[in-house]
Structure formats: C-alpha cells, structure tokens
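Lettering follows sequence order; numbering is per chain, from 1.
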Number of protein chains: 2
Amino acid sequence: MKYIDKLRNSGLRPTKQRLQICEVLFNTEKTFHFTINELEQKIKNKIDNKISLATVYNTVHAFEKKGYLKQIPINSNQTYFDTNVTDHHHFYDLKDQKLIDLENSDVGPINIKKKINGKRIKSVEVLVKLED
Amino acid sequence: MKYIDKLRNSGLRPTKQRLQICEVLFNTEKTFHFTINELEQKIKNKIDNKISLATVYNTVHAFEKKGYLKQIPINSNQTYFDTNVTDHHHFYDLKDQKLIDLENSDVGPINIKKKINGKRIKSVEVLVKLED
DNA sequence: CACTTATTTAGAACCATTATAAACTAGAAG
DNA sequence: CTTCTAGTTTATAATGGTTCTAAATAAGTG
C-alpha cells in the first residue's frame, strides 16, 4: 500500500484509521483546504467504519508535525489546514469565507530584510484578504 | 478629552468604559499586540473600577470594526489584536510565542499578480514564522 | 425632566479543542 | 504462534476562549 511506507518512514504506525485518513487527504488530484469538521464529514462519506473525533485530531496533528499538512494562519473560530505543503500563499474571501490558493509565482519574491538574533525564518506566508 | 471626539465621530457613545479602554490602548508611546486576556489585565492594573469581560470584548470588536484595531491573522487559541493599524507585517517566534512588528520597508513591495473576478484586495499581510 | 436607544453587566451557553483513562493493536522478541 | 510492550484508538469529560441573554444602567435628544 502506498501510504504504509510513508507512515513507517516517519515513525508513525500504519494503523487502519491513519491509512483511511491518508486516502481522504492525499489520494486526490488536487490539494485542498479543510477544517477538522469538514474532514470528519469527508471521512464519513468515504468509509464504512467510524473514526473517533479524537483520532481525527490526533492524526491531523501528527501529520502536521511530520510536514504532511500545514496549518493556515487565519483568524477563524475553526483551524484551517492545507494538504498543499509547498511554499505558497492564500487569498481569503471575507464575504464567502473561502480560501483560494496563490502560487508563489502569483506573488513574486518576498525579501525579508530584518533579522532577529539567533532565529531562522521557518516560513513566509502571505494572506490577502478580499472584499467585494 | 481627546478620545471623546474620536468615539463620537465614529458613532460610538463615549462611555466611561470605552474612554478607559482607549487610555490603555492608545495613550502609549508605542503600539502593541495583545490578547483579550492581556488587555483585561492591563485594564485591571490601570483603573480602579471593574470593566466586565463582555464589555472588553464588545469594545475591542467595536474598535476593530471602526478601524482602530487590527486582528492579527495567526493560529493560536487566543485572538491577537494590534494597536498598530498601519499596513505592516509580523514575525511570529514559534518558541516564545511572541509577535514582532515588521515594517513595510523591512519586507519590500508585494505584488499580487492574480486577480479574482469582482473582488478587491482589502489587505496583504505577511506572517514570517521564526524558529531557533 | 421624560423618553428612547445604546451600552454595560453577570452569568449562562456555546463549541472547538484537549485531556483522560481504559480498551485495543502493531510490531518485536522469544 | 505466543507473549510482551509501547503506541494508538476511543468515548467521554473537561477546558477555555468567545458569544449570547436579558435585565439594569447610562447617554443623548427634545
């Protein structure tokens, strides 16, 4: 199975639940954004057995820690995740509350001139808010 | 009083509570970032009477709507606000969980090349995550 | 002063997320 | 295959930031 090695290689046991969540998250043409609630719905629609909400949270956090998912920095009552873990940015449509991908090439190079002593830049994320 | 007109001009009644919160938020040398909890503490330290937590929430939201405060898009269990409402960006120190201002000149121009039909860009915010 | 509308307030309600602790399972070793 | 151990799943409770509610209070207007 294609996700067993992926999980093993990162020190996560390939359990039935994790493999099923992998199918939902990564076995798709396009990457996508989701909240935990939305993911739970997708899982329900795709599989027969039930996966506990706690497991969904655990798994998403484990995957995020391993770099298979990214949290999207946005103020919302729910946390948004992204299956696109490449460097890229987002539009946020304030009216429709929808996220839209912005490729790096859509934004151009960002040059952070300020340095903080003893700290390295881990990521640079741009959020472009849209209104009508 | 210097904040009475500010409030009246934006259609907010200059109540005792709002004026006191104005003192804490705006009567400072430097702008700053805060959570509601941190603001509540600051208020307690600065004034004699008590301001209800609900009023702090109400006031912060009212001020944000009027453009006197900005929400900082960051994933945290608490919402961060900024008394600096000029266009600027942030470092976020993941270890210390601290926000640091990044002036526009520290980042350089950001040119969003992609357009979304019928939508205007309201703001462009950069979050630079820092690690050790 | 009288009246209307906005604001404040304490407390309850809400709800996403995290903690708990018991049951279960994967992988390893014998 | 069996046993053992650490990792994982699970239902449920707990947590905690934020919002709601409805009654009391205060501001502005005539």
> In this structure, how many angstroms lie between the P atom of D:dT19 and the CD atom of A:Q78, rounded?
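A:Q78 atom CD is separated from D:dT19 atom P by 14 Å.
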
> How close or far is atom P of C:dT8 from atom CG of B:L19, stated in whole angstroms?
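My rounded result for the distance is 10 Å.
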
> Run the numbers on A:L102 and A:H88 for side chain to side chain contact (heavy atoms under 4.5 Å, CB included), then give the verdict.
CA-CA 6 Å; A:L102 255 175; A:H88 71 288; over 6 Å; no

> Is the phosphate of C:dA16 approached by A:T35 (side-chain N or O, under 4.0 Å from OP1 or OP2)?
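No, A:T35 has no side-chain N/O under 4.0 Å of OP1/OP2 on C:dA16.
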
> Would you mind reading off the distance between B:E64 atom CD and D:dT19 atom C1', rounded to a whole angstrom?
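Distance, rounded to whole Å: 15 Å.
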
> So what does B:T55 touch, heavy atoms closer than 4.0 Å: a base, only the sugar-phosphate, or nothing?
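B:T55: base contact, heavy atoms under 4.0 Å.
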
> When you compare the side chains of A:Y68 and A:S10, does any donor N or O come within less than 3.5 Å of an acceptor on the partner?
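Their side chains do contain a donor-acceptor pair, which is all the 3.5 Å distance test asks for.
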
> State whether B:R13 places a side-chain N or O below 4.0 Å from either non-bridging phosphate oxygen (OP1 or OP2) of D:dA26.
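Negative; the distance criterion is not met.
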
> Rounded to the nearest angstrom, tell me the gap between atom CG in A:N75 and atom P in D:dG17.
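Going from CG in A:N75 over to P in D:dG17 covers 15 Å.
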
> State which of D:dT10, C:dT7, C:dA10 makes the closest approach to the side chain of A:A54.
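Of the options given, the side chain of A:A54 lies nearest D:dT10.
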
> Are any of A:H61's side-chain N or O atoms less than 4.0 Å away from OP1 or OP2 of C:dT18?
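For A:H61, the contact criterion (side-chain N or O under 4.0 Å from OP1 or OP2 of C:dT18) is met.
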
> With the side chain of B:Q17 defined as its heavy atoms from C-beta on, choose the nearest nucleotide among C:dT8, D:dT9, C:dG27.
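Given the options C:dT8, D:dT9, C:dG27, the side chain of B:Q17 is closest to C:dT8.
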
> Output the rounded distance in Å from OH (B:Y57) to P (D:dC20).
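From B:Y57 OH to D:dC20 P: 12 Å.
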
> Roughly, in whole Å, what's the span from CG in B:L12 to C1' in D:dG28?
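Rounded to whole Å, this separation is 14 Å.
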
> Taking only the side-chain heavy atoms of B:N77 (C-beta and beyond), determine which of C:dT9, D:dG17, D:dT8 contains the nearest atom.
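From the listed options, D:dG17 comes nearest.
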
> For A:T86 and A:N84, which I'm curious about, is there any donor-acceptor pair between the side chains at under 3.5 Å?
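A pair is found: one side chain offers a donor N or O, the other an acceptor, under 3.5 Å apart.
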
> Side chain of B:S52 only, please: which of C:dT9, D:dT8, D:dG28 is the nearest?
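Side chain of B:S52 sits closest to C:dT9.
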
> Counting only side-chain heavy atoms from C-beta out, which of D:dG17, C:dT18, C:dA16 sits nearest to B:N37?
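The nucleotide sitting nearest to the side chain is D:dG17.
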
> Quickly work out the A:N49 CG to C:dT25 C1' distance and round it to whole Å.
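Computing the A:N49:CG to C:dT25:C1' distance gives 15 Å.
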
> So does A:R8 get a side-chain nitrogen or oxygen closer than 4.0 Å to the phosphate oxygens (OP1/OP2) of C:dA26?
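False: A:R8 side-chain N/O out of range (4.0 Å or more) of C:dA26 OP1/OP2.
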
> Quick one: are B:D132 and A:K119 in side-chain contact, heavy atoms under 4.5 Å?
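The answer is yes, as the side chains (C-beta and beyond) meet within the 4.5 Å cut-off.
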
> Taking atom C1' of D:dT9 as reference, at what distance in whole Å does atom NZ of A:K50 sit?
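Distance, rounded to whole Å: 11 Å.
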
> Test side chain to side chain contact (heavy atoms under 4.5 Å, CB included) on A:L19 and A:L7; report intermediate values, then the result.
CA-CA 9 Å; A:L19 290 170; A:L7 292 175; 3.8 Å; yes

> What's the closest nucleotide to the A:N58 side chain, out of D:dA11, C:dT18, D:dT10?
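Closest nucleotide to the A:N58 side chain: D:dT10.
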
> Would you tell me if any nitrogen or oxygen in the side chain of A:T79 comes within less than 4.0 Å of OP1 or OP2 on C:dT17?
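Yes, A:T79 has a side-chain N/O under 4.0 Å of OP1/OP2 on C:dT17.
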
